[in-house]
Amino acid sequence: MTHRREEHLWIPESDLDGMSIDTLAVRAGQIRTGQLEHSDPIFPTSSFVYGSAAQAAARFGGDEPGNIYSRFTNPTVQAFEGRIAAMEGGERAVATASGMAAILSTCIALLKAGEHVVCSRGVFGTTNVLFQKYLARFGVETSFVSLTDMEEWRGAIRDNTRMLFLETPSNPLCEVADLAALSDLARAADALLVVDNCFCTPVLQRPLSQGADIVIHSATKYLDGQGRCVGGVAVGSAKLMEEVYGFLRSAGPTMSPFNAWVFLKGLETLPIRMRAHCDNALELAQWLEQQDAVEEVFYAGLSHHPQHELAARQQDGFGGVLSFRVRGGREQAWSLIDATRMISITANLGDVKTTITHPATTTHGRLSDDDKARAGITENLVRLSVGIESVEDLKQDLARGLAALAAGA
């Protein structure tokens with residue numbers, strides 16, 4: 001019996017040279033099979049067959065490129081990796097089962113016992129736990145510093161520092177780091193600069209072009225955009241990503257083909273969505289500032305934000321996440337949240353549907369009281385991930401919460 005293998009037809013990347021991120025979001029990384037389908041296909045298969053035993057041996061031995069096993073080679077996942085790498089301006093991407101899996105895979109692949117990490121305090125709460133609790137068990141020590149204080153970053157550098165890790169803008173206070181300055185610091189220390197770009201996405205910020213070595217995403221957030229799937233990805237040079245890929249191949253924190261296909265569909269509309277998120281978030285931040293029950297609003301798009309000018313230079317928009325402090329404490333924050341009727345009470349962000357949460361008891365609830373205080377996570381802080389609904393309807397829903405605070409005063 002003769003077996004004929006249909007090769008995948010990759011669209012040459014050179015065809016996309018110089019094209020905008022709007023086009024890359026739709027076209028980059030796309031593959032077509034011998035069926036010449038127009039939409040991206042899904043390959044829900046655990047393994048792949050070969051034309052001969054010799055070909056199988058060549059694949060497993062690395063002498064011939066091609067698919068082996070979906071733990072580390074799957075065409076749908078590779079299409080997603082190719083597209084997000086092109087959008088971020090990286091040589092290669094490695095997709096993972098979640099955003100946290102992308103951070104873990106990057107750290108395990110590129111750090112070893114006895115080495116040191118400097119991390120910004122304003123990272124996602126679980127990222128903090130990963131560094132403080134789990135990586136510490138394997139001999140990797142982490143120092144936490146203010147995202148915006150370069151003297152703290154410099155003072156934390158040691159001879160064994162091998163990684164600088166940060167999110168910018170930060171979660172949930174929307175502080176903005178100076179990527180160019182941190183890149184210079186990382187180079188001088190012979191350390192890697194790793195940037196979680198979840199809040200901005202490559203539509204609004206491309207850290208690799210500003211000196212970062214690796215970009216991390218929770219694809220669960222804006223890359224999907226509709227709260228459907230969990231996934232993550234790391235993007236960087238081919239050399240660094242080969243190490244991350246090696247860990248993924250052995251340990252298996254793998255993105256599924258179906259999730260990769262969903263993320264591919266999400267990327268197609270990412271530029272349009274991000275601009276809508278930004279427009280709504282800015283208008284809502286300005287409106288919240290005018291409300292008597294609101295003490296302070298945190299959003300880099302506001303002209304008085306401490307890093308407003310930096311964000312305007314470094315980003316192509318201010319993002320869709322903001323936070324604010326209400327007058328009072330936890331009781332008042334919860335009262336406002338509970339009084340809303342349309343906005344979704346959930347800790348996920350980056351959805352076309354607006355979401356609201358209380359960081360001190362959800363996203364950052366696992367932090368100690370001291371760590372919360374240092375990160376500015378107070379009991380009266382509320383975070384909004386602003387969706388693309390009518391901004392007037394969002395104001396009306398939040399007004400219910402503000403009215404509840406006034407009634408309880």
Side-chain angles (χ1 to χ4, degrees), residues 21 25 80-81 83-85 87-88 93-106 122-128 130 165-174 176 194-207 214-235 253 255-256 259-278 280-281 299-300 315-323 343-357 359 362-364 383-389:
I21 197 164
F80 168 69
E81 291 171 336
R83 186 169 299 174
I84 191 63
M87 292 174 71
E88 282 286 4
V94 177
T96 61
S98 68
M100 290 309 305
I103 297 173
L104 174 66
S105 299
T106 299
V123 292
F124 176 47
T126 306
T127 303
N128 187 301
L130 177 66
F165 187 96
L166 63 139
E167 295 178 20
T168 183
S170 67
N171 181 10
L173 295 182
C174 302
V176 178
V194 181
V195 178
D196 187 324
N197 198 29
C198 179
F199 272 32
C200 278
T201 81
V203 174
L204 304 182
Q205 178 174 260
R206 300 179 80 182
I214 296 172
V215 168
I216 299 286
H217 285 282
S218 171
T220 314
K221 310 302 191 295
Y222 288 108
L223 301 194
D224 173 11
Q226 296 182 53
R228 298 167 292 191
C229 292
V230 174
V233 65
V235 186
M255 179 179 287
S256 75
N259 286 10
W261 183 82
V262 171
F263 296 139
L264 279 166
K265 298 295 101 181
L267 289 178
E268 291 178 355
T269 61
L270 181 63
I272 297 170
R273 287 187 285 108
M274 290 309 298
R275 290 162 193 145
H277 285 298
C278 290
N280 274 3
Y299 185 66
Q315 302 168 197
D316 292 323
F318 299 106
V321 177
L322 62 89
S323 61
I343 296 171
S344 305
I345 304 174
T346 179
N348 195 34
L349 61 88
D351 199 301
V352 292
K353 301 179 182 74
T354 298
T355 67
I356 191 167
T357 195
T362 59
T363 58
H364 293 69
R383 190 192 73 190
L384 279 177
S385 172
V386 183
I388 62 173
E389 307 98 334

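In what follows, every heavy atom counts, from backbone to side chain, and hydrogens, waters and symmetry copies are set aside. Starting from 1, each residue takes its place in the sequence as its number. Small disclaimer: the values here were computed from a predicted structure and weren't measured.
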- Task: Check whether more than 12 heavy atoms from other residues, nucleotides or ligands sit under 6.0 Å from atom CD1 of Ile345, and answer yes or no.
- Result: yes
* **Over 12 foreign heavy atoms within 6.0 Å of NZ, Lys353** => no
CG (Leu264) and CG (Asn259) are apart, to the nearest 0.5 Å, by 11.0 Å
Requested in this report: Would you indicate whether the side-chain heavy atoms of Val176 and Gln315 approach each other to under 4.5 Å?
Outcome: yes
side-chain hydrogen bond (donor to acceptor under 3.5 Å, both in side chains) filter on Ser323, not counting sequence neighbours, yields none
Within the 4.5 Å heavy-atom criterion, are Arg275 and Cys278 side-chain neighbours or not? no
* Within a strict 4.5 Å, meaning less than it, do heavy atoms of the Val203 and Asp316 side chains meet? -> no
Working for side-chain contact (heavy atoms from CB on, under 4.5 Å), residues Arg383 and Thr357: CA-CA 5 Å; Arg383 190 192 73 190; Thr357 195; 3.8 Å; yes
Open item on the list: Closer than 3.5 angstrom, by distance alone: can the side chain of Asn280 be matched with the main-chain N or O of Gly387 as a donor-acceptor pair?
Closed with: yes
Only one of Phe199, Tyr299, Phe318 passes side-chain contact (heavy atoms from CB on, under 4.5 Å) with Pro169, and that residue is Phe199
Rounding to 0.5 Å, atoms SG (Cys200) and CD (Glu167) come to a distance of 11.0 Å
So Pro207 and Glu88, do their side chains get closer than 4.5 Å, heavy atoms only? yes
* For the pair Phe80 and Val233, evaluate side-chain contact (heavy atoms from CB on, under 4.5 Å) and give the outcome as yes or no after the intermediate values. => CA-CA 9 Å; Phe80 168 69; Val233 65; 4.0 Å; yes
What I'd like to find out is whether the side chain of Leu166 reaches to under 4.5 Å of the side chain of Val123, using heavy atoms alone. no
Distance col, row Ile343:CD1 vs Thr354:OG1, nearest 0.5 angstrom, shows 5.5 Å
Would Ile214 and Thr106 count as a side-chain contact (heavy atoms from CB on, under 4.5 Å) here? Give the steps.
CA-CA 9 Å; Ile214 296 172; Thr106 299; 3.8 Å; yes
Going by heavy atoms in the side chains, are Ser98 and Met255 under 4.5 Å from each other?
-> no
For Asp224, the salt bridge (Lys or Arg N to Asp or Glu O under 4.0 Å) test, sequence neighbours excluded, returns Arg228
Dump the intermediate steps for side-chain contact (heavy atoms from CB on, under 4.5 Å) on Phe165 and Ile103, then the final yes or no. CA-CA 10 Å; Phe165 187 96; Ile103 297 173; 3.9 Å; yes
When Asn197, Leu267, Leu204, Val321 are each screened for side-chain contact (heavy atoms from CB on, under 4.5 Å) with Tyr222, the one that passes is Val321
Check your understanding: Is any side-chain heavy atom of Gln226 closer than 4.5 Å to a side-chain heavy atom of Lys265?
Key -> no
Review point. Going by distance alone, is a donor N or O of one side chain under 3.5 Å from an acceptor N or O of the other, for Thr346 and Thr355?
Key: no
* To do: Could you tell me whether a side-chain N or O of Ser385 sits under 3.5 Å from a main-chain N or O of Leu349, the two making a donor and an acceptor?
  => no
**Prompt:** For the side chain of Ser105 and the backbone of Ala102, is there at least one donor-acceptor N/O pair under 3.5 Å apart?
**Reply:** no
query = Mind checking whether Arg206 and Met87 have side chains closer than 4.5 Å, heavy atoms only?
reply = no
